[in-house]
Peer 1: 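Okay, here's the structure, questions in a sec.
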Amino acid sequence: MTIAQLYIPVAVLFGISIFFALLLPILSKILGPNRPGGRKGEAYESGIVAVGNAQKRLPVKFYRIAILFILFDIDIIFLFPYAIAMKKLGLFGLWSMLIFVVIFVLGDIWVWKRGVLEWE
Amino acid sequence: MGHPIVFLILATVAVFAAIGMLTSRNAVHSALYLVLNFCTVAVFYLVLNAPFISMVQITVYAGAIVVLFLFVIMLLGADQLPKASSNGGLQYILAIFATAGLATALILQLSGFGDGTAKPESALDASPEAIGTLLFQDYVFPFEITSLILLVAMMSLIVFKAQKRKKQDG
């Protein structure tokens with residue numbers, strides 16, 4: 001079995017989800033009552049009258065969290081092949097992973113202590 | 001690689017997503033086109049027998065990197081670009097030369113694959129297990145260096161924070 005054949009179930013699932021994602025809105029458009037106008041076109045914000053533009057500038061603190069997210073993402077990416085090849089790698093692999101994780105966690109503690117995670 | 005029809009469909013989607021990214025005047029739409037492009041590239045990796053690289057492409061590139069791009073766009077409030085001002089003829093001439101050079105290099109490179117000597121599919125084992133074995137045995141030093149690079153990124157966060165605190169004090 002080639003790799004392309006292995007992923008046929010994934011492709012089928014993908015196709016089904018696209019089909020339903022398209023089918024349901026189209027069906028509700030066709031079958032449901034359709035009377036647009038007035039207040040229905042406005043954005044709903046907990047009953048408060050909407051003000052301003054939704055796409056305004058964000059504070060930089062969101063960006064800091066995004067960078068942290070990438071760092072943890074990359075950490076996980078390295079843990080994954082290690083977890084699969086762990087038995088084969090033995091003690092040497094364990095040490096190399098341990099050094100990596102210790103440096104990473106030390107960095108995390110540093111970031112934490114300097115208050116980067118605080119949301120003011 | 002895989003099935004030629006799969007390749008043709010994906011290649012079309014990838015090229016149109018790239019064109020859409022370049023021509024879209026809304027930066028957020030550009031980022032979404034980029035996600036589509038990254039996803040098609042991920043499937044290319046999959047049909048090239050590299051499932052791990054494919055998943056990395058989705059989690060790191062289509063996930064994290066695009067999140068970063070979107071935050072930068074919204075941080076700067078740059079989601080609506082003004083009408084592009086062209087540098088006139090010079091820009092077009094340079095673009096034509098660059099494209100012609102790239103196309104020549106590609107054609108020269110790809111024409112070598114026709115003689116049956118290159119077998120990219122069987123050339124290497126790119127399973128997660130093989131990558132893990134290589135990474136933690138043969139390339140263990142570069143791997144440890146990666147953790148230091150991540151540490152540098154964390155330092156940038158601290159510098160970010162320190163600058164802001166200074167501004168608040170003064």
Peer 1: A/Leu91 and A/Met97: same hydrophobic cluster, using ILVMFWY side-chain contacts below 4.5 Å?
Peer 2: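 In one cluster with A/Leu91: A/Met97, yes.
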
Peer 1: Hey, any chance B/Val41 and B/Ile65 share a hydrophobic cluster, counting ILVMFWY side chains that come within less than 4.5 Å of each other, even indirectly?
Peer 2: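 Yes, one cluster joins them.
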
Peer 1: To check you understand the geometry: which heavy-atom pair defines the closest contact between A/Gly107 and B/Leu151, and what is its length?
Peer 2: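 Reported closest heavy-atom pair: CA-CD1, 3.4 Å.
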
Peer 1: Side chain, backbone, both or neither: which part of B/Val60 has an atom under 4.5 Å from a heavy atom of chain A?
Peer 2: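 Looking at B/Val60, backbone and side chain both touch chain A.
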
Peer 1: To the nearest 0.5 Å, what is the distance between OG1 on B/Thr59 and CG on A/Asp73?
Peer 2: 5.0 Å

Peer 1: Is the CZ atom of A/Phe69 crowded by more than 12 outside heavy atoms at less than 6.0 Å?
Peer 2: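 It does: A/Phe69 CZ has more than 12 such atoms within range.
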
Peer 1: Using non-hydrogen atoms only, which part of A/Phe92 is less than 4.5 Å away from chain B: side chain, backbone, both, or neither?
Peer 2: side chain

Peer 1: Under 4.5 Å heavy-atom distance to chain B, tell me which part of A/Ile77 shows up: side chain, backbone, both or neither.
Peer 2: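 Answer is both: backbone and side chain atoms of A/Ile77 are under 4.5 Å from chain B.
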
Peer 1: Under a 4.5 Å heavy-atom cutoff, which of A/Val102, A/Val101, A/Leu68, A/Asp108 has the most pairs with chain B?
Peer 2: A/Asp108

Peer 1: Compare every heavy atom of B/Ser147 with every heavy atom of A/Phe100, then report the nearest pair and how far apart it is.
Peer 2: CD1-CB, 3.2 Å

Peer 1: Calculate, to the nearest 0.5 Å, the distance between atoms CG and OG1 belonging to A/Leu89 and B/Thr133 respectively.
Peer 2: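 Spacing of CG (A/Leu89) from OG1 (B/Thr133) equals 5.5 Å.
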
Peer 1: List the atom of B/Pro128, the atom of A/Ile84, and the distance in Å for their closest heavy-atom pair.
Peer 2: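 Where B/Pro128 meets A/Ile84 most closely, the heavy atoms are CB-CD1, 3.6 Å.
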
Peer 1: Mark yes when over 12 heavy atoms from residues, nucleotides or ligands other than B/Phe38 sit less than 6.0 Å from its CZ; otherwise mark no.
Peer 2: yes

Peer 1: What distance do A/Met86 atom CE and B/Glu129 atom CD have between them, rounded to the nearest 0.5 Å?
Peer 2: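 Spacing of CE (A/Met86) from CD (B/Glu129) equals 12.0 Å.
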
Peer 1: Any link between A/Phe72 and B/Ile58 through a network of hydrophobic side chains (Ile, Leu, Val, Met, Phe, Trp, Tyr) touching at under 4.5 Å?
Peer 2: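 Different clusters.
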
Peer 1: What is the distance from atom CG of A/Leu71 to atom OG of B/Ser156, rounded to the nearest 0.5 Å?
Peer 2: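 Between atom CG of A/Leu71 and atom OG of B/Ser156 there are 7.5 Å.
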
Peer 1: I want to check something: taking the side chain as every heavy atom from C-beta on, are B/Leu135 and A/Phe78 in contact at a cut-off of under 4.5 Å?
Peer 2: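 B/Leu135 reaches A/Phe78 side chain to side chain.
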
Peer 1: May I ask whether B/Val159 and B/Val152 are part of the same hydrophobic cluster, defined by side-chain heavy atoms of I, L, V, M, F, W, Y residues being less than 4.5 angstrom apart, directly or through others?
Peer 2: no

Peer 1: For B/Phe143, is it the side chain, the backbone, both, or neither that has a heavy atom closer than 4.5 Å to a heavy atom of chain A?
Peer 2: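 The answer is both parts of B/Phe143.
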
Peer 1: Start with the C-alpha gap between B/Phe71 and A/Ile65, add the side-chain angles, then the distance that decides, and say whether side chain to side chain contact (heavy atoms under 4.5 Å, CB included) holds.
Peer 2: CA-CA 10 Å; B/Phe71 272 128; A/Ile65 299 300; over 6 Å; no

Peer 1: Do A/Ser96 and B/Glu144 have side chains that get closer than 4.5 Å, going by heavy atoms?
Peer 2: yes

Peer 1: Return the CH2 to CD1 distance between A/Trp110 and B/Ile158, rounded to the nearest 0.5 Å.
Peer 2: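 The distance works out to 4.5 Å.
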
Peer 1: Tell me whether the count of non-hydrogen atoms from other residues, nucleotides or ligands lying under 6.0 Å of CE in B/Met55 goes above 12.
Peer 2: yes

Peer 1: Quick check on the hydrophobic clustering: are A/Leu13 and B/Val43 connected, directly or via other members, by side-chain heavy-atom contacts under 4.5 Å?
Peer 2: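 Hydrophobic grouping puts A/Leu13 apart from B/Val43.
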
Peer 1: Which answer fits A/Phe62, side chain, backbone, both or neither, if we ask what part of it has an atom under 4.5 Å from a heavy atom of chain B?
Peer 2: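 Contact with chain B involves both backbone and side-chain atoms of A/Phe62.
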
Peer 1: Measuring heavy-atom distances to chain A, does B/Leu70 have an atom under 4.5 Å in its side chain, in its backbone, in both, or in neither?
Peer 2: neither

